[in-house]
Each structure stands twice: as structure tokens, then as C-alpha cells.
Protein chains: 2
Amino acid sequence: MVKITDVARHAGVSPSTVSYALSGKRPISEETRQRIEASIRELGYRPHAGARALASSRSNVLALVVPLRTGIHVPVVMQFAVSVVTAARRHDHDVLLLTQEEGEEGLRRVADTALVDALIVMDVQLHDARLPLLRALDRPSVLIGFPAAAEGLTCIDLDFKAAGELCVERLAGLGHRVVALVGSPPEVYVRGTAFAQRVVEGFTAAAHRNGLSSSVHPCEASPAAARRIAEQLLREHPALTGVVVHNEPVLEPLIDAFEQLGLRVPGDLSVTAICPDEVAESLRVPVTSIALPSAEVGARAVELLMRKLDGADVPGATLLAPRLTERASTAPRNAP
Amino acid sequence: MVKITDVARHAGVSPSTVSYALSGKRPISEETRQRIEASIRELGYRPHAGARALASSRSNVLALVVPLRTGIHVPVVMQFAVSVVTAARRHDHDVLLLTQEEGEEGLRRVADTALVDALIVMDVQLHDARLPLLRALDRPSVLIGFPAAAEGLTCIDLDFKAAGELCVERLAGLGHRVVALVGSPPEVYVRGTAFAQRVVEGFTAAAHRNGLSSSVHPCEASPAAARRIAEQLLREHPALTGVVVHNEPVLEPLIDAFEQLGLRVPGDLSVTAICPDEVAESLRVPVTSIALPSAEVGARAVELLMRKLDGADVPGATLLAPRLTERASTAPRNAP
DNA sequence: ATGAAAGCGCTAACAA
DNA sequence: TTGTTAGCGCTTTCAT
């Protein structure tokens, strides 16, 4: 194995000069730098990661904790992971993959052994058991998602309020005047500041702003519940022509129910959803939707972490702008 | 930070004794071990990963290279990655995530900097550009998939021949007497020892063994080609009642074509496929299929790597037994 | 602009 | 069964 002293000897300089040439942490004369670079190439030198980590107390590795829960959309996770790796590489860092399963002990282990410099935690729950630990660790972290109490933590996620707004704006733009939100199961709204509530806020505010008649309907995640909601909507809001769905499992049965009740999508009813693109695309009627911008979330999470590692202050909350993808479930309102 | 000397002092022993107590590389008296363990707990000691790696020239980290190619089934990759992490942890190793995108330079980097001890490479192509590098690296690797020339490499994959056989056996067991294989595009068969050919071998051998009439049909990955094959099969093999499909993108259009031609699946025609479970499940008619056992492949790949790291010899080729999942596309042959 | 030298925290000979 | 000690290869003060 070729080491830094070999390079130093070959280039006729001291090891520290090679080190500084590599890190750029102090000025090196152009000529010396050239010689060093030539020696490095010629000898095929690669600094030993462990030695570096030991001497500099920086491993240049980030931990990424991925969820295993069923109900999480796997392609979203994968896309996210890839974007984290890509972004990390741009900053000369690598990514260590941890599974949720490892739990708090896993986080503590990679942090306390100095195996990683910082952590990215996906799928953060409202009352996540890992929060106290993340606050206590001596290395920075970024959470994907917002827990109920985010003080002292750095979080990033889709701007769900803006997403709710955007869905309504699009429906309004298509001429719809009566809209409904089919939301998450009731219990989701109960436990404090949830992203589900943010959707409701955005939905309601935008409906108001646009002078639309609107209503909000929490919905259990079952086909039967979807069917009931569809019937209720037709009964109570006969003029309804626009629906926003923020409840993945219910999306398909809901559309089916509407059609069985004699409403064509998008002929009689326009539907927009907040859900992964894979879900929206794969439905019988591909649904106009807003997805979590996973690649952007990953890249931004890494940027935040890098700034924290540089000792800079970063915002505690980062909200990403929603992007709506037009598909087959939306159309202009029929002439009355 | 608490270090090994702190633990040693606290326990009244030397640092090396603590080290040996931790690694088990030499016998420690029960009493001493107890004292050391107590000190470790009390002080909250965690060995520094970088220092360890430097002193022992083992990082206890494996690299996992995941594909980005479109056409690769993402859930399969993810499931595989999770099983690699889980298996690695059982052997006290962590997993560094690399993307295909990083290419050979990425492999060389993590190997030459001693960031990882060994590598797992997914989605190995028949003539993979990384093969020479993997052979030349000073650390062991395991490939998922078989390249055309696998000498000097350790590979693992589904036993595609056995998969071809198993499909036929199932159809034969259901009473089918005339079967066809709709295979990969023709060019796949041209370029040497491919997994596609292994399927053909198994299919043909099993058909023979069971006294079935059989035929093999390479097929382009397009709906039009699927349609043509369907028509051709009906024309040339009117008694056909069993089809094996080893061509993912063609699966759905092929079944559609059969039904448009008046054949019910599985009423008139039984279909089995070799494809990811996600694909098989999501079709209009869920298809009886054999999937790549990703979790098992991941776990086995790690085991192989561990044995190589221990200096043991391992087989160059590991073939995993296929497992067939019964779904809605197969039924006993109609009484004639 | 460069060099000398002291560690970083651990492992593994070598000794006893 | 345990201790002593010399590195592992690099970074970073402190000097010059």
C-alpha cells in the first residue's frame, strides 16, 4: 500500500505538505502542487479512510436510516436514497445504510463510534421514539418529516399546506365551484400538528380565496369507507365536481365508487390527489397528483447536513414547494 | 470521548486486555472480563471506528452497489438492500451504499481507501465493464448475477434452469400436455451463456421428461410482438394449454392478446411466469410465478463474503432454488 | 511557503 | 493470563 510518506518522498516534500496539498487547508506553491499531484498519480496514492478519520475526527460518511414499515412506498424510498448518495458524493461524502429495525441503538452506535459524521432519518413519526436521542447525539441530523415537537431538530418535508392549496387552485382554474377534500383517517387529525392538518388548512384557505364551496371529510383507509364517503358526497353536495384526495389506499376504491354511482372521472368529477407518482400512474384512471419530491428532499437534506457540519446555522424547518402533475383525472367543468 | 485507556484504567487492567476482551482473540479470565464489561458499561465506552480500522486494517464495512437502470424493479432492489444490511449486521458489519453511477472509479475508491472490506455488486451484466477491476481489487466481492465469463469471481443468482423446470412441472401436474415458452428477445440468446438460455434448457428438459409437446419462442419486448406471438401460437399449436413467460414487459400484453383471441386465462390457457412478485401480483389476472428470492440472495451474498473475508474458499457459483407462487393464472386442464 | 513532530485511539506482536 | 509497546497512516499544531 502506498502511503502519504511515499508520495512525500517521491515529490521531495514533507508529508504535511502533501496533506495540505490534498486538503487545500493552506497555500501551496503552484510548482510544488504540480509535483505532488504528479507523484500521487504516478504512485496511485489513495489516502486511507480510517487513518484520516482518526486524525481528523471526520469520517466523511453520512448515515441514512430507511424505513421498513409496510405502507411506505418503496420506490419513493429508493429514489430518495439514491439522491442522498448522489448529493453526498458531490460533497465528498459516502452514505452508510441503516434500517429502521436497528432502532435507537443503531443510531447511537454509528454516531458514538464516529463511524458517521451526521445522520439523515427518514419516515419520522409524529411522536418518534428517536427524537430525544437525536437531540442528544453529538452529531448533526436532518429528519425527513415533521414530528409533533420539532424544537432543536432540523426537519424537511413537502409543504403540505401549499399542496392542499395547489390542488384547489388547479380545480378552480378548471372552473370547478364546489370541491371536497377526502382526507386521512380521523385519528390522524386528532394527534396534534400533523401534515394532514396542513393539507386541510391549505385546501380550505384556497377554496375560500377562490370563492369555492368546500367541505372536508376524514376517511378511514378502507374501500367500504370510500364507498360511504362517495355516497355521502353525492347526497350532501349534489353540485360537487372537484375532489382532492389525501389518502392513498382510498384513492382507487373512491374513484370506483364514484363511477359505480354514475359519475364519470373526469367527465363529471375531477380528482386530484396527494400521493406517490407510482400510485397515481398505476390507477385505472391515472390521477392528477402532487408527489413528495423525493429526489429534491434527499439533495436538500444533504445540503442542510453539510452546512451543519460546517458549523453554520440552518433553518429548523424546510418546506418544499409542491409540483402538480397533470394526468387523466382532471378536466374543465361541464357547461351547466 | 471515553477511550480504551480510560476503560483500562477504570478496570485496573491494560488497554490490550480490554481490546482482547472485546475481540475475544485471546482468553481472558472470567473475573477480569466481568470488571472490564462493567467499566465499559459504566463509562459508556464505544471503540472508535476509524482507529480500529487503522490498527486492524478492517473497517467492518461492506459496499453495496445498486443499479439505477430503468427496467430494474425497484422494490426488488430495495428488498435486497435491506436483507444485505440485516445480514451484515449479524456479522457485525455495516453497509455503504454506492450507486451504479459511480462506476468503476467508485469501486476503486472505496476499496483503495480501505473504506470497505468487501463488495457486493448487483445487476451484473453479461459483459460487465467492472469485471476486470473486481478481479484486480485486493478485496473480495460477490456478484449478483452471472457474467459471460465468471472465472475468478464469486457469483450468486436464481437457478434459472430449475426455474424453467419448475414452471413446466407445475403445468404438467395440472394436466397440461402442450406447452410453450415465451422468452426474452432474440438478441439475448445470441450473446453466449445467458440466464435466458438456462431457462430454455430447464423448460425443454422438463417438457421432455414429462412427455409434453413443447416449443420455444423468443419475443421482442413490445405489445405488438406479444400480439404476434399469441396469434402464432394459436395458429401453430392449437392444442396449447400451458404457457411459460420469461419476459416481463410482454406478460400483460400477451395475456390481453390471448383473451382477445377468445382464450380465457386460466380457463383455456394456464400461464406461469418468471418475474418479480410485484409484477405478477399487479396484473389484471395475477400470475402464478417464480421470483428472484431477493432476501435470500442478499443474505447468502453476505455469508459468502464473510467466508471470503475469513480466508475460506467459497464456490464460484451459487444457484438458488426457485420457489413458485400459485396465483390466478393457472388451473387444471379442461376435460378435452 | 514548507517542515518536524506529536498525537488521533486502537490492535497485535512480543514479553513475561 | 496479562502487560508493554510499537506502530497503523494521517492531520495539525508549532516552528521556521
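For the helix from C:dA1-D:dT16 to C:dA16-D:dT1, the rotation axes defined at the first and last 5 base pairs enclose an angle of 30°, given to the nearest 10°.
Under the rule for a side chain to side chain donor-acceptor pair (under 3.5 Å), the partners of A:R46 that lie at least two apart in sequence or sit in another chain are B:E105. Residues meeting the side chain to side chain donor-acceptor pair (under 3.5 Å) test with A:R35, sequence neighbours left out: A:E31. For A:R135, the salt bridge (Lys or Arg N to Asp or Glu O under 4.0 Å) test picks out no residue, with sequence neighbours left out.
Identified under the side-chain hydrogen bond (donor to acceptor under 3.5 Å, both in side chains) test for residues 310-319 of chain A, with sequence neighbours left out: none.
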Report, one line per pair, each donor and acceptor closer than 3.5 Å where one atom sits in a side chain of residues 296-304 of chain B; sequence neighbours left out.
residue	atom	partner	partner atom	Å
B:E303	OE1	B:H91	NE2	3.0
B:E303	OE2	B:H91	NE2	3.3

Return all side-chain donor-acceptor pairs below 3.5 angstrom for residues 92-99 of chain A, not counting sequence neighbours, or 'none' if the list is empty.
residue	atom	partner	partner atom	Å
A:D94	OD1	B:R109	NH2	3.0
A:D94	OD2	B:R109	NH1	2.6

With a cut-off of 3.5 Å and sequence neighbours excluded, list every side-chain donor-acceptor pair involving residues 2-9 of chain B.
residue	atom	partner	partner atom	Å
B:D6	OD2	B:K3	N	2.8

For residues 138-154 of chain B, which side-chain donor-acceptor pairs fall under 3.5 Å, sequence neighbours excluded?
residue	atom	partner	partner atom	Å
B:R139	NE	B:A111	O	3.4
B:R139	NH1	B:V116	O	2.9
B:T154	OG1	B:K308	NZ	2.6

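Nearest nucleotide to the B:I28 side chain, out of D:dG9, D:dG3, D:dT2: D:dT2.
Looking at which nucleotide of DNA chain D each of B:E30 and A:I4 is closest to, the 5′-most match is held by B:E30.
At a non-hydrogen distance threshold of 4.0 Å, B:T32 from residues 31-52 of chain B come into contact with DNA chain D.
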Protein-nucleotides 12-16 of chain D N/O pairs under 3.5 Å:
residue	atom	partner	partner atom	Å
D:dT12	OP2	A:K25	NZ	3.1

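Boundaries of the chain B contact region on DNA chain C are C:dG9 to C:dC14, first to last in 5' to 3' order (nucleotide atom under 4.0 Å from a heavy atom).
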